[in-house]
2 protein chains.
Amino acid sequence: MKKAPTIKEIARMLNLSISTVSRALHNSEGISEGTTRRVKEVAHELGYEPNQTALFLKSGKTLTLGVILPHLSEAFFSEAISGIEDFASEHNYNVLMGQSHDDTEREKKIVEAMKNHRVDGILVSIAKNTKDFSHFDALQKYDIPVVFFDRVPDRYEANTVTCKMEAGMLEAIEFLVKRGHTRIAFINGPKELLATRERLAGYDSALRSLHVEVKPEFVVHSDLSPEATCRAMQTLLTLKTGPSAVIAFNDYVALDAMQYARKMNIRINQDISFVSFANLPVWSYMENPPLASVEQFPYRQGQRATEMILEILNTPKHKVTDKFKKIILEPRLFIHT
Amino acid sequence: MKKAPTIKEIARMLNLSISTVSRALHNSEGISEGTTRRVKEVAHELGYEPNQTALFLKSGKTLTLGVILPHLSEAFFSEAISGIEDFASEHNYNVLMGQSHDDTEREKKIVEAMKNHRVDGILVSIAKNTKDFSHFDALQKYDIPVVFFDRVPDRYEANTVTCKMEAGMLEAIEFLVKRGHTRIAFINGPKELLATRERLAGYDSALRSLHVEVKPEFVVHSDLSPEATCRAMQTLLTLKTGPSAVIAFNDYVALDAMQYARKMNIRINQDISFVSFANLPVWSYMENPPLASVEQFPYRQGQRATEMILEILNTPKHKVTDKFKKIILEPRLFIHT
DNA sequence: CTGTTAGCGCATTCAC
DNA sequence: GTGAATGCGCTAACAG
């Protein structure tokens with residue numbers, strides 16, 4: 001049973017005081033070259049690494065960022081955290097990760113654990129049902145900044161990184177209209193999500209600005225489960241005058257909707273065209289992907305969010321303002337084939 | 001600029017000593033009910049959470065597990081870490097995450113950072129080129145146990161969780177032979193990986209035991225890049241007597257190989273049948289997935305690895321043995337109708 | 001029932 | 001050039 005080496009141990013081995021060892025390791029002035037060398041040798045020999053945990057007591061910095069996501073199994077989020085981790089590690093930060101599984105209670109627990117660990121800052125994509133943000137607000141008492149990305153609270157008081165969904169929707173609809181579609185349906189997501197409302201607003205305004213008739217029955221909802229998506233698709237297919245194109249809330253909804261349509265003997269992108277949000281990497285391998293999808297750059301969003309929080313952390317306290325930071329990325333319509 | 005509340009602050013506010021506060025928060029014996037209540041009230045009011053970092057100094061436990069993976073963008077690994085995080089958080093452990101991007105140098109850096117943070121244990125799937133394990137061995141000095149999963153070192157001295165690849169290969173080949181295939185090719189992975197050698201051993205022994213002729217030219221390699229996979233597939237397609245079935249090292253290789261074949265006007269699973277390893281969740285949505293794939297249960301592997309490391313952490317020091325723990329899971333052939 | 005103190009690992013201020 | 005002492009937040013052993 002070993003114990004991690006400490007400066008104390010090094011000091012004892014060399015008959016030095018711990019402060020000398022500490023200074024030697026930091027190349028401080030006023031330590032003889034010989035001592036410095038010997039200290040470093042022994043340190044290396046023992047595989048000494050400074051104890052970040054002890055350092056925190058002095059510095060108040062853990063060099064750790066907390067990341068809270070709904071779930072990693074969704075490609076969007078695993079790409080995002082990949083961007084976060086890459087950017088963070090470039091700047092010597094570590095990443096503590098937690099999945100809320102779209103459950104507000106778990107989200108609260110994770111926030112608490114991260115408070116316990118005194119992470120320097122937290123990046124979050126909130127759970128589907130989170131309406132109350134008091135667990136995040138409580139972080140102010142700990143001087144832990146929070147940056148929300150993608151799934152952000154529907155209120156102004158928050159640092160956020162998002163994609164301009166209205167713009168993405170406009171691009172998608174312009175694309176379809178150019179191809180001659182006028183009966184454009186929309187399978188939207190759960191009404192609690194801000195993203196749902198934004199996409200709907202984009203849908204309405206895009207259709208209006210392009211002078212396409214807005215039919216209320218063309219907008220249906222899914223809670224993102226395969227079953228709900230199939231029901232939504234079914235609703236669309238049983239309309240007397242059905243849609244010629246369907247926009248899906250995201251790629252998973254598109255997958256389920258397209259599968260259901262295929263089962264109903266509808267030819268994808270011939271009888272009904274599809275356009276989707278988020279752009280799964282696997283589309284390129286599919287024989288019949290949606291005609292296009294709105295790329296939301298999860299990796300980039302993660303990166304930018306990390307950049308934002310590091311900027312906040314590096315702002316000297318006396319310069320802190322009350323302004324909230326907002327980054328809004330432009331999505332891009334990615335046309336398949 | 002707030003600072004995190006401490007027991008000291010609570011003590012000052014109530015004119016108590018810090019030890020009384022500490023005891024009250026822990027419901028220790030011998031504290032008057034009134035005091036306990038008042039302490040808890042104030043603690044709640046301030047949003048007090050104990051400082052895990054300070055606790056570590058005493059207990060030597062950070063309640064944090066380090067996880068090192070090649071990259072999260074691969075579904076296999078994001079599923080695995082999902083299993084790790086779920087199991088860990090159930091047991092009040094947090095997860096510190098790092099991506100090696102299949103680069104041994106980055107892997108070393110991550111190990112060092114995790115040593116700095118004094119994680120209680122580390123779970124790893126090693127980088128493709130890692131041959132030297134001294135950075136992991138050095139963790140012994142810190143009494144930090146390591147459990148390898150999926151991508152494990154090719155030596156005995158390691159705690160490992162893996163899938164029995166030979167068995168998976170046998171199942172896959174049995175499946176193909178039953179369907180009448182005798183010309184079964186294999187696109188294997190990079191030779192450095194243990195998984196590559198295991199699959200090859202399984203391939204050879206399965207063919208032999210089923211009395212199918214082994215043709216050396218039927219085994220080709222890919223470094224897992226799309227280009228290499230296409231070249232490998234091309235090699236197979238230009239054989240005078242080509243294969244009737246192809247087994248792919250993993251799903252990504254299968255995707256690339258199938259796409260290439262399609263481009264060459266080969267009808268998937270008619271002209272050439274495919275079987276793959278790993279079982280991407282999206283197969284179920286594809287019109288022409290491989291006939292079958294060998295499911296390796298990444299989520300389960302992550303869970304079991306976490307279970308193993310927690311078991312090691314909870315073993316009293318005096319009971320520690322030198323034995324290495326090994327868990328070998330049975331893969332399952334998943335047939336895509 | 002409650003207060004005082006030591007110590008975990010380290011950087012740092014003050015002595016010599 | 002180097003050592004001794006302090007304090008970061010907290011628990012636990014020891015005193016009352």
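Protein chains get the first letters and strands the later ones, always in sequence-line order, with residue 1 at the start of each.
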(request) Could you list the residues that satisfy salt bridge (Lys or Arg N to Asp or Glu O under 4.0 Å) with B:R12, not counting sequence neighbours? (result)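 For B:R12, no residue satisfies salt bridge (Lys or Arg N to Asp or Glu O under 4.0 Å) once neighbours in sequence are set aside.
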Are [X] and [N] close enough that a side-chain N or O sits under 4.0 Å from OP1 or OP2?
{"X": "B:S22", "N": "D:dT11", "result": "yes"}
{"X": "B:T20", "N": "C:dG3", "result": "yes"}
{"X": "A:K8", "N": "C:dG7", "result": "no"}

(message) For A:E112 and A:K109: C-alpha separation, side-chain torsions, deciding distance, then whether salt bridge (Lys or Arg N to Asp or Glu O under 4.0 Å) applies.
(response) CA-CA 5 Å; A:E112 213 164 280; A:K109 285 251 177 63; over 6 Å; no
(message) Can you see whether A:Y156 has A:K326 sitting over its ring - NZ or CZ less than 6.0 Å from the centre and within 45° of the normal?
(response)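 Yes.
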May I have the distance from [X] (atom [atom1]) to [N] (atom [atom2]), rounded to whole angstrom?
{"X": "B:R37", "N": "C:dC1", "atom1": "CZ", "atom2": "C1'", "result": "16 Å"}
{"X": "A:L25", "N": "C:dA11", "atom1": "CG", "atom2": "C1'", "result": "11 Å"}
{"X": "B:I7", "N": "C:dT5", "atom1": "CD1", "atom2": "P", "result": "16 Å"}
{"X": "B:K115", "N": "C:dG9", "atom1": "NZ", "atom2": "C1'", "result": "17 Å"}
{"X": "B:Q52", "N": "D:dC8", "atom1": "CD", "atom2": "P", "result": "20 Å"}
{"X": "B:R38", "N": "C:dT2", "atom1": "CZ", "atom2": "C1'", "result": "12 Å"}
{"X": "B:L46", "N": "D:dG9", "atom1": "CG", "atom2": "C1'", "result": "15 Å"}
{"X": "A:R12", "N": "D:dG3", "atom1": "CZ", "atom2": "C1'", "result": "17 Å"}

Please determine, for the side chain of [X], which listed nucleotide ([options]) has the closest atom?
{"X": "B:N51", "options": "D:dT2, D:dG9, C:dT4", "value": "D:dG9"}
{"X": "A:A54", "options": "D:dA4, C:dC10, C:dA11", "value": "C:dC10"}
{"X": "A:L16", "options": "C:dG3, D:dG3, C:dG9", "value": "D:dG3"}
{"X": "A:Y48", "options": "C:dC10, D:dT2, D:dG3", "value": "C:dC10"}

(request) Please indicate whether A:K8 has more than 12 foreign heavy atoms, meaning atoms of other residues, nucleotides or ligands, lying under 6.0 Å from its NZ. (result)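 Count not over threshold, so no.
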Which is true for [X] with a 4.0 Å heavy-atom rule: it touches a base, it touches only sugar-phosphate, or it touches nothing?
{"X": "A:T6", "value": "sugar-phosphate"}
{"X": "A:T35", "value": "sugar-phosphate"}
{"X": "A:S19", "value": "base"}

(request) Could you check B:L57 against B:R23 and say which one's nearest nucleotide on DNA chain D is further toward the 5' end? (result)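 Residue closer to the 5' terminus by nearest nucleotide: B:L57.
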(message) Given A:R151, which partner from the list A:T130, A:D102, A:T162 fulfils the side chain to side chain donor-acceptor pair (under 3.5 Å) test?
(response)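 Option passing the side chain to side chain donor-acceptor pair (under 3.5 Å) with A:R151: A:D102.
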(message) Should the side chain of A:K58 and the base of C:dG9 be counted as holding a donor-acceptor pair, with the cut-off at 3.5 Å?
(response)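 No, the side chain and the base share no sub-3.5 Å donor-acceptor pair.
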